[in-house]
Each structure stands twice: as structure tokens, then as C-alpha cells.
Amino acid sequence: MLDSSRRGWRVLVGFAVSVAAAALVFAGAPAASAATVFQDSFSDGNADGWTLTNGAWAVAAEDGNPALRQSSAGSDARAIAAEAGRGTALGTIVQARLKPHSRLGSDGSISLLFHALDADNYAFLRLTANRVELGRRQNGATSVFASAPYTPVIGTWQVATLDLSFPNQVRAVVAGTSPGVQVVAAIPTATGSANKVGFAARGAVASFDDVRISDDVPPIDTTPPSAPGTPVASAITPNGFTLSWPPSADNVGVVGYQVTTVVPPGSAAPIRIWTTGTNSITITDLPPRSTNTFQVRAFDAVPNYSQPSPQITVTTAPPQDQTPPTAPGTPVATAVAATSVTLTWAAATDNVGVTAYYLRNPAGTVATGPFTGATATMVNLAPATTYTWVVVAVDAANNISDPSGQITVTTPADTPICEYSYRVVNQWQGGFQAEVTIRNVSGAPVQVDRIHWTFTNGETINNIWNAAVTITGSTVTLRPTSTAIIPPGGTFTFGFVGTGTPVPPNPIYLNGFRCRQL
């Protein structure tokens, strides 16, 4: 038998039409009167008027009061109220209490059902182990339209409120653990659906109570929270700090706080924003020795935003390691070609450890790197051109060493000493076999030290013969597996199996000298 008693309801208020589909923490709502259309608190000790499907349903005492309980943890159970209320008119509020008694596993959930036709056709507000979801089940097929993070506490009543008063939207609030959560979704009404309500439990033992449909539109909250107090910084580190401030007050409830950087007018610096549900936040993504000014605004569930707090300027701490590496040794050129130079240098030392080297011009306006070892090959240089470089070392705290001594190198003129052919021998879906032949046209014997080129179409090498391969990014460097001397007019050939779609590389270099393509 359905009853008309009422026990301490709190009706959802304060949501403006302008709120977008989103998840927000919810702090609570004041009591309000409503015209009750349907209600059952199971105070008569039975579930008369309910259609019970699967599971083990019974009315049992819960916290000293009767409630509808589903006690089969392995079932997919549903309970639908027989009364339909007054259809699907706007202004309808649906509320109920839900309590999970067992841990919600990966497929476990408890739900408040609405716009229900029967046990396989209804909309739902569903609580899982770590989310709240709004969706619809129609002819056995389930769709989720919106969700938000939420962790229901086992053995604790969760109060679920559905506001159907907005055109083409359902707004749901779940509270019971702190913080609560709001979810907004557009849920299409199934053909033939009514305004019946119900419950569902999948893979969980749960109790349900105090279900009600009311027909009042809640008032719109237009009052913003008060401004937060002056923020205070603590626990300052090289990458951040903790900000705390006296909390704001609100006529309904503060949902959260927005922390923003304050940027001077006309500045090109971006405004950074952090959001927190409490009156403190720990920021950890700032650079060392950086100075920023911050302010805080409070917001409620509409959301109405408060006036900003007083500003605070905070400078992050310097890095814990402030000792730069020693200067690297003066680089030495070990191979000079028309378009490339290989440099080596004595390694730098550091109290913690050198993480990289950079080659740069003495003015420090152009830098190349990082290089992880004490050697680097500069490529794509201009023939017959003079270059001057120094080397600097860097550690993990971004401390930079003094520069090394300078080296000045002049690349030779680009007189070809070699020609090459690149032939695709075989090709298949996702792979190919290629053969490369290098011809000596210099008029003197040439010992093959290295051959290199850059793949331009994302190719890679899986297997190679007559050479050993090193691949850095898209640059391929080959060295013969044994001494290879090409006589004048002679050739050196190697082959490989690669993946991808082959594109003949141009150019290919022999010992740093650019070869002509045959």
C-alpha cells in the first residue's frame, strides 16, 4: 500500500537555465514545499503497488524505519511503482534515498529509475563504484548520456534528487558523502514511457526508501557567495605551494572555489585557472623562481561567482640543486664534410649529474641539442661556410654551465665523391625490401666509415645485411660490418628490410659527403 507520509525532505533548488552540461560538487539545499504527486516510504511494512523483478525484494527495518531492500548480490533486480503520477509535465521533482550494503564491483550499481514504462524501459540515475551516471535503458539496451566522479560510501544513505523542470534536460544531485555531485544531461523520452519511478540493483545488496514525485518548480538562486578571505601561502617548493583562505558563505551553499593568476592589462601572459572544492589548494606545476599573483572566487551550484578575494603574490623557491655543471672541454672536429661536422669534447661534471649538452654559437642566440653524450654531428650545413661553436652542459635542475672554448670549422666545397642508387626490390602491405649502392667517383680509393640519410615517410629498418645500423629519430646511420674500401669507379652495396611505405631518400651521405643521386 502506498502512503503519503513525509520525513525531512530537502528539495533541490538554485539551478539556473544557463548551466551547461557539467559535473559540480554540491553543498546542500534549503527545505521547500512541493505538491506531492506520488510518495512511498514503506512505513506500512510492505511493497504493495510495486512490480518486483528478479532479486530478493522485501521491506525490512533499516535504521529503525522500514525500507525496501534487495538482498541478492548476484542479481540484476528492478522494482517499478505501479502509480504513474501526472505524466511527464515540466516542474517535476523526483527524490529518493539509496544505500549500498555491499562493495560495488566493476559491474555493480544501484539506481533511481524515472520516466519508467516497465522493467526494461526507463531513464536512470545510477551510482557505480566511482561514478554517478544519467542514462536510459530501452528494450534492454543501455545508453549513458552524462557522468561525473562520485564514490558512494557503503552503508550510508545517498540522497538523489532529479529536477525535470528544465526543457530537454535532467539535472541530478546526489549527496550523502562529501562532496556531493551534480550531473546534467539531455535524456530522450522513450515512446510510451510514463512518469513511474523505481529502483534497480545490479550485483549489489542495497536498500531504498522515501521515494517521492513532486510538482513544484524550485526557485532560481541569484545570490552569489561572499568574497573569500585573503589567501595565505605555505609549504612553498620550487614548483608550487599551498594556498588557503577563509571560506565564503552562501544562502544555499558554496560549491567550490576558482583560483586564477592575475595578469596586468595588455600582458600577453595567459591567465591560469585552478578549481577546488575546499578553501585550500596545492599547486605543483609552476617553474622554480617564478613570481605570480593570485586571487580566489567562490561559486555556488548555479553557478553564481563571488567577488574576488584580496590578491596574493607568491614566488616559488629556487631549485634544490643550484650548482651548475663544470664547463665542457673545447670541442674537436673529428669529421668534416661539405654539409656536416662531427664534434667531440671532454665531458662536464656535476654534483648531481649532467643530463644534456647543447651546441650553440658564442653569442648564445642559436642552440642545437640536446645531446646526451660528449659528441654530436651537426648536419644540413652549407658547403664552404665557416661555423663557430661552444658547448654548454645542463643538469636536471636546468642549471647551465659556463661555455666551453670555441671551435671554428670551415666546411669544404661540395665536390661530389660519390653517387648512389636506392632501389626497392620488393614491397608488400606495410613493408618493403630495399637495396642501396654507393659508387666512388672521386678518383681515389675511399674507405667507408659511415653512410647516413633521413627517412621522410616514417619508414624504419627491421633487418639489414652488409652493414650495422643506428637510427636516431628519422636519421639512419650505417657502418660496414668489416673494412670496406671502394676503389675509384667501384661500388659498395647493402640491403635491408623495412616497414612503412618507401620514399627514396635524397640526399645520402658517404663519410659526411653528399652523394649525387643516379
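Predicted model only: the values in this text are computed from it and were never measured. Side chains included, hydrogens not; waters and symmetry mates left out as well; all remaining heavy atoms used. When a residue number appears, it is its place in the shown sequence, counting from 1.
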Q | Closest non-hydrogen atom pair between T278 and W245, with its separation | A | O-CZ2, 3.6 Å

Q. Do you know which of V259, I312, T230 makes side-chain contact (heavy atoms from CB on, under 4.5 Å) with V296?
A. V259

Q) Which atoms form the tightest heavy-atom contact between A227 and Q307, and what is the distance? A) CB-O, 3.4 Å

Q) Can you tell if the side chain of R171 reaches within under 4.5 Å of the side chain of L162, non-hydrogen atoms only? A) no

**Q.** Parallel, tilted or perpendicular: rings of F124 and Y122 (30°, 60°)
**A.** perpendicular

Q) Run the side chain to side chain contact (heavy atoms under 4.5 Å, CB included) check on V174 and Y150 step by step: do they pass? A) CA-CA 9 Å; V174 179; Y150 181 77; 3.6 Å; yes

Q) For the rings on Y509 and Y420, is their centre-to-centre separation under 6.0 Å? A) no

Q) For D285, what residues pass the side-chain contact (heavy atoms from CB on, under 4.5 Å) criterion, not counting sequence neighbours? A) R272, W274, I283

Q | Heavy-atom side-chain contact between V424 and N426 under 4.5 Å | A | no

Q. Going by atom types alone, do T242 and T282 pair a side-chain donor with an acceptor below 3.5 Å?
A. yes

Q) So, N239 and T237: side-chain donor and acceptor under 3.5 Å apart, yes or no? A) no

(Q) I'd like to check L125 versus E133 (side-chain heavy atoms, cut-off strictly below 4.5 Å). Are they in contact? (A) no

Q.
Testing T316, T315, T313 one by one against T291 for a side-chain hydrogen bond (donor to acceptor under 3.5 Å, both in side chains), which residue passes?
A. T315

**Q.** Distance-only polar pair, side chains of T437 and T493, donor-acceptor under 3.5 Å
**A.** yes

Q: Compute whether any side-chain donor of one residue and acceptor of the other, for T344 and T334, lie under 3.5 angstrom apart.
A: no

Q: Grab the two heavy atoms, one from P224 and one from D300, that are nearest each other, plus how far apart they are.
A: CA-OD2, 4.4 Å

Q: Start with the C-alpha gap between D120 and R137, add the side-chain angles, then the distance that decides, and say whether side chain to side chain contact (heavy atoms under 4.5 Å, CB included) holds.
A: CA-CA 6 Å; D120 274 327; R137 179 184 177 101; 3.1 Å; yes

Q: Would you tell me whether T349 and T326 have side-chain atoms, one donor and one acceptor, within less than 3.5 Å of each other?
A: yes

Q: Check whether any side-chain heavy atom of F513 sits under 4.5 Å from a side-chain heavy atom of P412, and report yes or no.
A: yes

**Q.** Distance-minimising heavy-atom pair for W345 and P331
**A.** CB-CA, 3.9 Å

Q.
I need the minimum non-hydrogen distance between L359 and A376, along with the two atoms involved.
A. CD1-CB, 3.9 Å

Q: Would you check if Q447 and T483 make a side-chain contact, meaning some heavy-atom pair closer than 4.5 Å?
A: yes

Q | Donor-acceptor pair between T499 and T460 side chains, under 3.5 angstrom | A | yes

Q) Are F371 and Y357 close enough that their ring centres sit under 6.0 Å apart? A) no

Q.
Quick check against the 3.5 Å criterion: does R439 have a side-chain atom that pairs as donor or acceptor with the backbone of G489?
A. yes

Q) Relative to each other, are the rings of F455 and F496 parallel, tilted or perpendicular (30° and 60° limits)? A) perpendicular

Q) So N511 and H452, side chain to side chain contact (heavy atoms under 4.5 Å, CB included) or not? Walk me through it. A) CA-CA 8 Å; N511 300 342; H452 77 271; over 6 Å; no

(Q) Can you confirm whether the side chains of T410 and T386 place a donor and an acceptor under 3.5 Å from each other? (A) yes

**Q.** Closest non-hydrogen atom pair, C515 against I438
**A.** SG-CG2, 4.5 Å

Q. Quick one: CG on L112 to CG on L127, what's the gap to the nearest 0.5 Å?
A. 9.0 Å

(Q) Are V394 and V354 packed together at the side-chain level, in the sense that at least one heavy-atom pair is separated by less than 4.5 angstrom? (A) no

Q. Is a side-chain donor-acceptor pair under 3.5 Å present for Y422 with Q517?
A. no

**Q.** Donor-acceptor side-chain pairing of T454 and S474 below 3.5 angstrom
**A.** no

